[in-house]
Amino acid sequence: MKRVFSGVQPTGNIHLGNYLGALKQFVELQDDHECIYCIVDEHAITVPQDPKALREHILDVAALYLAVGVDPKKSIVFVQSDVPGHAELGWVLTCQSYTGELSRMTQFKDKSKNKESAPTGLFTYPVLMAADILLYDTDIVPVGNDQKQHIELCRDIATRVNNKYKKTFVIPEGRYLKEGARIMALDDPTKKMSKSAENIHSRISLLDDPAKIKKSIMKATTDSDGVVKFDVENKPGISNLLNIYSVLSGISVEDLEAKYEGKGYGDFKKDLVEVTVEALAPIRSRYEEIRHSEELIEILKDGAQRADAIAQKTMARVKDHFGLGLGR
Ligand code: AQP
C-alpha cells in the first residue's frame, strides 16, 4: 500500500480552501492507502503564537480532521511536536539545503514582505516540511496548489541526499485536485483564501454558523455583467464561487452555468449559501461532539506512538547513512 502524509497548521480558522484543497483528499485516500495526518504545530510557531491559543487550536484541528471524516482506525492522526524526529530530521536537511533555493520560495517572500527582519524559522519552514514528509517514506502528499513549490523543494532535497549518500529517502509526489486546489478569497478573488487574512468575510471557516456563511457569500466580490460563467481571467469572483459550488454539490461547472443561465448573481448566491450550509452542518455537529472528549486526546496519543515508531526507523537509517552518533 502506498503511504500518504500531510498536515495542517493549528493557526485557527480552518476554511473551505483548507477543506477542499487538502482535508477532502485526506478522507478520500484513507481506504486504500496507509495515511498519516499531522497537526503541524512546529510550523505554526514560525510566526508569533499565543501559547494558550495554540494548544486550543491543536485540538480544534484534530477535532476537525475527525469531523470531516478522517477515521483514526484507518489513519494515524497526531501532533508534530509529539514526534521528535521531525525537528531532528529538519536539522539534518537544513544542512542539505541552500539559502539560494530557500530565498526563491514565494510563501517566504509573501510572509516576510515589508518586514525588516523575519524569523529564521519562516525561512527554513520548507525544510521542516520536507522533513515531515521524508520521515515517513511518503509516496503521496495531498495538498493545495500553494504547496507545489515546497513539494518540489522536498523532492530536490531528497534526490540530493540519495545521490550524495546511500539511498535514504523515498521521493514523494504531490497530489492536487483539479477543482478545489486553489480556493480564492471571497473579498478579493485574485488572492487565495487564507486563515490569516484580516477580513473574516474573505473566507468561510468550517465552523461558521449559517448567518455568517450567508453574509460572507452575499458580500462576495463578483463583477458587473451579471452572467454566471466560468472565466477565471475576466470573471475571477464568480469563477471562484462556481468552483466552490461545484465541489460542494458534485454538480459540474457546465451544468451550473446552464442552471443559472438568464438568472442574476443573487439567485446563484442564495443557492450557494444553502449548499454550503448543508455541507458544513454535519461537520459542525460532529466537531461539537468530539472537540472536548477524552477520546480525542487518546487518539492523538496513540497516533503519536504509531508515528514515532516509523520515524525512529527512518532516523536510524539517516544517522547510519550520514555517520551520525555512535552507530550502536
Ligand atoms: N485557498 C486554498 N485553496 C486550496 N487549498 C488551500 N490550502 C490552504 N489554503 C488553500 C491547503 O490547506 C492545507 C493546510 O494549509 P496550512 O495549514 O499549511 O496553511 P496555509 O497553506 O498557510 O493556509 P492559509 O490558510 O493560507 O494560512 P495562513 O493564512 O496562516 O498562511 C495545505 O495543503 C494547503 O495547500
Side-chain angles (χ1 to χ4, degrees), residues 4-29 35-50 53-54 57-58 60-62 64-65 68 70 79-80 86 105-113 118-119 121-122 125-126 128-130 132-133 138 140-154 172-200 202-207 216 220 232 236-237 239-241 243-244 246-248:
V4 170
F5 175 92
S6 194
V8 173
Q9 294 186 64
T11 41
N13 302 321
I14 300 297
H15 52 72
L16 266 187
N18 302 130
Y19 176 50
L20 301 179
L23 293 173
K24 215 163 158 274
Q25 298 199 67
F26 293 8
V27 180
E28 283 164 14
L29 287 165
C35 296
I36 305 176
Y37 298 128
C38 184
I39 296 121
V40 288
D41 56 345
E42 289 170 341
H43 285 275
I45 58 165
T46 53
V47 295
Q49 299 292 341
D50 171 60
L54 181 59
H57 289 325
I58 288 171
D60 293 345
V61 174
L64 271 174
Y65 276 4
V68 300
V70 171
V79 183
Q80 182 185 29
H86 291 261
M105 296 294 119
T106 52
Q107 196 169 21
F108 171 72
K109 286 193 215 166
D110 288 348
K111 293 203 169 176
S112 60
K113 206 158 54 188
L122 201 57
Y125 173 116
L128 180 59
M129 179 169 156
D132 300 337
I133 296 166
T138 302
I140 300 165
V141 191
V143 279
N145 243 341
D146 59 323
Q147 295 300 327
K148 250 186 187 161
Q149 202 185 21
H150 292 162
I151 300 288
E152 281 314 306
L153 179 80
C154 171
E173 303 262 357
R175 184 179 191 269
Y176 316 94
L177 293 176
K178 202 166 135 259
E179 285 134 358
R182 195 170 180 83
I183 300 296
M184 309 310 281
L186 299 182
D187 60 338
D188 178 357
T190 62
K191 292 191 184 137
K192 73 162 193 157
M193 188 177 282
S194 146
K195 298 189 201 103
S196 55
E198 248 170 59
N199 180 4
I200 58 163
S202 67
R203 63 182 161 261
I204 291 170
S205 296
L206 295 193
L207 301 175
S216 300
V232 175
S239 300
N240 187 39
L241 296 181
N243 199 9
I244 294 172
S246 170
V247 195
L248 289 180

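We count residues from 1, following the sequence as given. When a ligand or atom number is given, it counts from 1 through the structure's own listing order. Treat the numbers as computed from the prediction; the structure is a model and nothing was measured.
Put simply, no part of Arg203 is less than 4.0 Å from ligand 1, judged by heavy atoms.
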Please step through side-chain contact (heavy atoms from CB on, under 4.5 Å) for the pair Val68 and Val27, ending with a clear verdict.
CA-CA 8 Å; Val68 300; Val27 180; 4.0 Å; yes

Any chance you could lay out the side-chain contact (heavy atoms from CB on, under 4.5 Å) test for Met193 and Leu186, step after step, and finish with the verdict?
CA-CA 7 Å; Met193 188 177 282; Leu186 299 182; 4.0 Å; yes

Val247 vs Tyr19, side-chain contact (heavy atoms from CB on, under 4.5 Å): CA-CA, chis, key distance, verdict
CA-CA 11 Å; Val247 195; Tyr19 176 50; over 6 Å; no

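Side-chain contact, Asp146 with Gln107: no donor N or O sits under 3.5 Å from an acceptor N or O.
Residue contacts with ligand 1 for Met184 are absent, since no atom lies close enough (heavy atoms, distance under 4.0 Å). Neither the backbone nor the side chain of His43 has any atom closer than 4.0 Å to an atom of ligand 1 (non-hydrogen atoms only). If you look at Ser194 next to ligand 1, the close heavy atoms, those under 4.0 Å, come from the backbone and the side chain alike. Using a 4.0 Å cut-off between heavy atoms, Ser6 makes no contact with ligand 1 at all.
In terms of protein heavy-atom proximity, atom 7 (N) of ligand 1 is closest to Asn18 ND2, 3.7 Å. The protein atom (non-hydrogen) at minimum distance from atom 20 (P) of ligand 1 is Lys192 NZ, 3.8 Å. With hydrogens left out, the protein atom closest to atom 19 (O) of ligand 1 is Lys195 NZ, 3.0 Å, a heavy atom. Scanning the protein heavy atoms around atom 18 (O) of ligand 1, the nearest turns out to be Gln9 NE2, 3.5 Å. Atom 34 (C) of ligand 1 has as its closest protein heavy atom Asp146 OD1, 3.4 Å. Of the protein's non-hydrogen atoms, the one nearest atom 3 (N) of ligand 1 is Ile183 N, 2.8 Å. Here the heavy atom of the protein found nearest to atom 6 (C) of ligand 1 is Gly17 O, 3.4 Å. Of all protein heavy atoms, the one lying nearest to atom 28 (P) of ligand 1 is Ser196 OG, 3.5 Å.
Using modelled atom types, one side-chain atom of Ser6 and one backbone atom of Pro142 make a donor-acceptor pair closer than 3.5 Å. In this structure, His15 contributes its side chain and Asn18 its backbone to a donor-acceptor pair below 3.5 Å. Side-chain atoms of Ser194 come within 3.5 Å of backbone N or O of Ser196 as a donor-acceptor pair. Judged by distance alone, with hydrogens and angles left aside, the side-chain atoms of Tyr65 form a donor-acceptor pair with the main-chain N or O of Val8 at under 3.5 Å. Listed for the Thr138 side chain is a donor-acceptor partner under 3.5 Å among the backbone atoms of Ile133.
For the pair Gly144 and ligand 1, the shortest N or O to N or O distance falls below 3.5 Å. Not a single N or O atom of Ala197, backbone or side chain, sits closer than 3.5 Å to an N or O atom of ligand 1.
Counting the atoms of ligand 1 from 1 in the order shown, those under 4.0 Å from a heavy atom of Gln107 are 22 (O).
Considering only heavy atoms from C-beta on, Ser205 comes within 4.5 Å of Asn13 through its side chain.
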